[in-house]
Amino acid sequence: MNKRTFLKTSSLLGLGGITAFSALGKMVDAIAHLPPDAVAKDEDFWESIRGGYKLKPDYINLENGYYCIQPQEVLDRYLEHIREVNLQGAYYMRTVQFDNKKAAASKVAELVGCNADELIITRNTTESLDIIISGMNWKPGDEAVMAEQDYGSMLEMFKQVSKRYGMVNKIVSVPQDPKSDDEIVALYANAITPNTKLLMVCHMINITGHILPVRKICDMAHSKGVPVMVDGAHAVAHIKFAIRDLDCDYYGASLHKWLSVPLGAGMLYAKKDRVGSLWPLLAESGKNDDDILRLNHTGTSPVSTDLTIADAIDYYQKIGAERKEARLRYLQNYWVDKVRSLPHVVIYTPSDPARSCAIANVGVKGMKPGDLADMLLKQYKIYTVAIDNAGVHGCRITPNVYTTAAELDALVNALAEIKG
C-alpha cells in the first residue's frame, strides 16, 4: 500500500476505529522522510490526522485558541482515567495522586525544556501568573511593566495589587507590525526605571498571534536587574522552544490550548532561586522555601486531567513539534496571504511570517468585530471570536491540525464578500 492509499484509508477509518497510537505512528512513518515544510502542504496526511477527531458538523471551528479539543485517542484515555479514579476513590487520592501529578509535571518540564524541580501543574495560565503577581512582596512605589495587549486577567491582577499595595503599573503598547526586534526591546527598555520590580511579556500575544523576541527582552531586562515573567498561554505545543533558552524567571501556560489536554490544566515555571521570595496563593506547610511545590497547594482537583497530560504529550510528539508548527504556520499564511491585499480588509497580525504561527486577526473596515463574528457564523457557518480592544478590531482566527485548506477557502470567500 503506497503512502497516499494508506493515508486515505486511515482517514476513512478514523484513528478512533483502529489501534490509535499504532495507526498514528504508521501515518507518521509514511511521511517521516519529508521535511516539515513539505509535510505542512500534504493535505492527504492532515486529512488523516483529521480522521482522528470527532468534529461538530454545524460549523467550521476557527476558534481553537480558547480550547483545543482532544483527538479521539486522547479523549478515550481521559475517559479511562476518569473511570479508574472513580473506581479507586479515596484510595487513589490518598496513595498515588501526588506522585502521578509530579510525574506529569516532570514530563511537561521535559517538553518545555526546564528542570523538573522548577515546574508545577496548575489549572491555567491565569492561575500560574497570578501566583507570581500576587505572591511578590510589593511595596508602595514599586513598578511593573506590561503591555496593553497582555491578557486581561493578568492586567486585572496587576490593578488589584496596585490598589492593595500602592505599586505602579507602567503600560506600553506593542506595535502590530514592527520593523525589527530592537524596536520591541527598546519599547520595554524605555519603560524600566530603578523602581521596576517585574516585567511581564507575552510569548505570543493572544489577540493577534504576534510572537515576541522573549530572549532579547529577558537579556535586556536582566542587564537592568529586572526579572521577567512570560505569558506563554499560546506557545506550548504551538511553536517549538525551550524555557532554558529564553532565560526568563517565570513562565506560565495553559495545557488545554495547543497541547489539547482536557480543560483545567496549566503549568508554572519559576527559577529555583526565585521561589523562596514568593507567597503561595493558598497556604502550604511542610515544604522548604525553595521548593516550588510550596506554590502548588490547590485543594482537591480533577486528577484525571493531570493523568491525561502524558497522553496528550505522546500524541503531540508522535506528530512531531516541527511538523505541527510548520502546518499551523502554513494554514495561517494560506488564508492571510489571500486577503491581506483586499482594500476593505485589515490584518492585525505582523506581515513577517516568522513573527506569528497559527493565530491571526482580521477585521473589515467599517464593521464592528462582534458584527463580523456574528455574520461569519450565521451566514457562513464559520465560528470565530471578536476582539475589540488594545488597538485590535477584528476576529481572531485560530485553525488547528484538523483544519483543511478547503475550510480556510470558505473563510477567504466570506471575507471577500463581506463589506462594512
Side-chain angles (χ1 to χ4, degrees), residues 65-67 119-174 188 191-193 195-208 210 212 214 217-218 221 226-236 243 246 248-257 263-271 274-284 292 294-299 301 387-392:
Y66 191 142
Y67 165 47
L119 185 143
I120 54 175
I121 301 299
T122 62
R123 289 174 291 188
N124 47 60
T125 311
T126 299
E127 179 177 86
S128 296
L129 299 188
D130 281 359
I131 288 173
I132 306 303
I133 299 168
S134 67
M136 295 184 68
N137 287 302
W138 297 105
K139 296 180 178 61
D142 286 342
E143 295 175 355
V145 174
M146 64 212 70
E148 65 170 335
Q149 291 83 9
D150 287 330
Y151 192 61
S153 293
M154 271 62 84
L155 294 177
E156 289 302 318
M157 180 57 83
F158 273 114
K159 289 178 184 177
Q160 179 169 293
V161 296
S162 177
K163 291 179 181 178
R164 188 174 185 181
Y165 300 111
M167 55 82 69
V168 177
N169 296 319
K170 300 186 69 175
I171 301 177
V172 302
S173 185
V174 177
Y188 284 98
I192 292 176
T193 76
N195 294 323
T196 304
K197 192 168 183 177
L198 180 67
L199 186 153
M200 177 173 72
V201 63
C202 280
H203 199 166
M204 185 183 295
I205 294 176
N206 84 94
I207 56 178
T208 64
H210 190 169
L212 299 184
V214 172
I217 293 170
C218 287
V226 176
V228 179
M229 180 179 74
V230 180
D231 178 347
H234 287 274
V236 174
I243 287 176
L246 300 178
C248 57
D249 300 274
Y250 312 105
Y251 193 103
S254 292
L255 305 180
H256 53 246
K257 292 186 184 292
L263 282 166
M267 54 143 282
L268 170 63
Y269 159 84
K271 277 185 178 178
R274 295 285 182 185
V275 172
S277 63
L278 296 169
W279 289 93
L281 196 61
L282 301 177
E284 178 63 284
I292 195 170
R294 189 173 60 85
L295 307 178
N296 205 201
H297 189 147
T298 58
S301 62
I387 306 292
D388 196 7
N389 63 74
V392 179

Applying salt bridge (Lys or Arg N to Asp or Glu O under 4.0 Å) to Lys159 and not counting sequence neighbours gives Glu156
Go through the steps for Asn137 and Lys197 under the test side-chain contact (heavy atoms from CB on, under 4.5 Å), then give the verdict. CA-CA 10 Å; Asn137 287 302; Lys197 192 168 183 177; 4.0 Å; yes
So, for [X] and [Y], which heavy atoms are closest and what is the spacing to 0.1 Å?
X      : Y      : answer
Ala253 : Gly232 : CB-O, 3.4 Å
Leu129 : Tyr251 : CD2-C, 4.4 Å
Leu199 : Ala221 : CD1-CB, 4.4 Å
Ser128 : Gly252 : CB-CA, 4.0 Å
Ser153 : Asp130 : O-OD1, 4.2 Å
Cys248 : Tyr269 : O-CE2, 3.6 Å

With a 4.5 Å heavy-atom cut-off, do [X] and [Y] have their side chains touching?
X      : Y      : result
Asp150 : Ile171 : no
Leu212 : Tyr188 : yes
Met157 : Thr126 : no
Val172 : Glu148 : no
Leu295 : Leu278 : yes
Gln149 : Cys202 : no
Ser277 : Met136 : no
Tyr250 : Met200 : no

Could you check whether atom OH of Tyr66 has more than 12 heavy atoms from other residues, nucleotides or ligands sitting under 6.0 Å from it? no
Taking CD in Glu284 as the centre, count heavy atoms belonging to other residues, nucleotides or ligands within less than 6.0 Å. Is the count above 12? yes
side-chain contact (heavy atoms from CB on, under 4.5 Å) between Leu198 and Phe158, worked out: CA-CA 11 Å; Leu198 180 67; Phe158 273 114; 3.9 Å; yes
Please check this pair: side chain of [X] against backbone of [Y], looking for a donor-acceptor N/O pair closer than 3.5 Å.
X      : Y      : answer
Thr125 : Ser254 : yes
Ser162 : Met167 : yes
His297 : Ala283 : yes
Lys257 : Gly65  : yes
Arg294 : Val275 : yes
Glu127 : Thr122 : no
Asp249 : Val228 : yes

Would you sort out whether Glu143 and Thr193 count as a side-chain hydrogen bond (donor to acceptor under 3.5 Å, both in side chains), showing the intermediate values? CA-CA 8 Å; Glu143 295 175 355; Thr193 76; 2.6 Å; yes
The side chain to side chain contact (heavy atoms under 4.5 Å, CB included) partner of Met267 among Ile120, Asn124, Ile243 is Ile243
Take Ile132 and Leu268, measure what side-chain contact (heavy atoms from CB on, under 4.5 Å) needs, and give me the verdict at the end. CA-CA 9 Å; Ile132 306 303; Leu268 170 63; 4.0 Å; yes
Can you tell me how far apart [atom1] ([X]) and [atom2] ([Y]) are? Round to the nearest 0.5 Å.
X      : Y      : atom1 : atom2 : result
Leu246 : Cys218 : CG    : SG    : 6.5 Å
Ile121 : Leu255 : CD1   : CG    : 5.5 Å
His203 : Ile217 : NE2   : CD1   : 10.0 Å

Determine, stepwise, if the pair Asn389 / Ile207 fulfils side-chain contact (heavy atoms from CB on, under 4.5 Å). CA-CA 9 Å; Asn389 63 74; Ile207 56 178; 4.1 Å; yes
My understanding is that only residues two or more places apart in sequence, or in another chain, count here; which of them pass side chain to side chain contact (heavy atoms under 4.5 Å, CB included) with Asp388? Pro369, His393
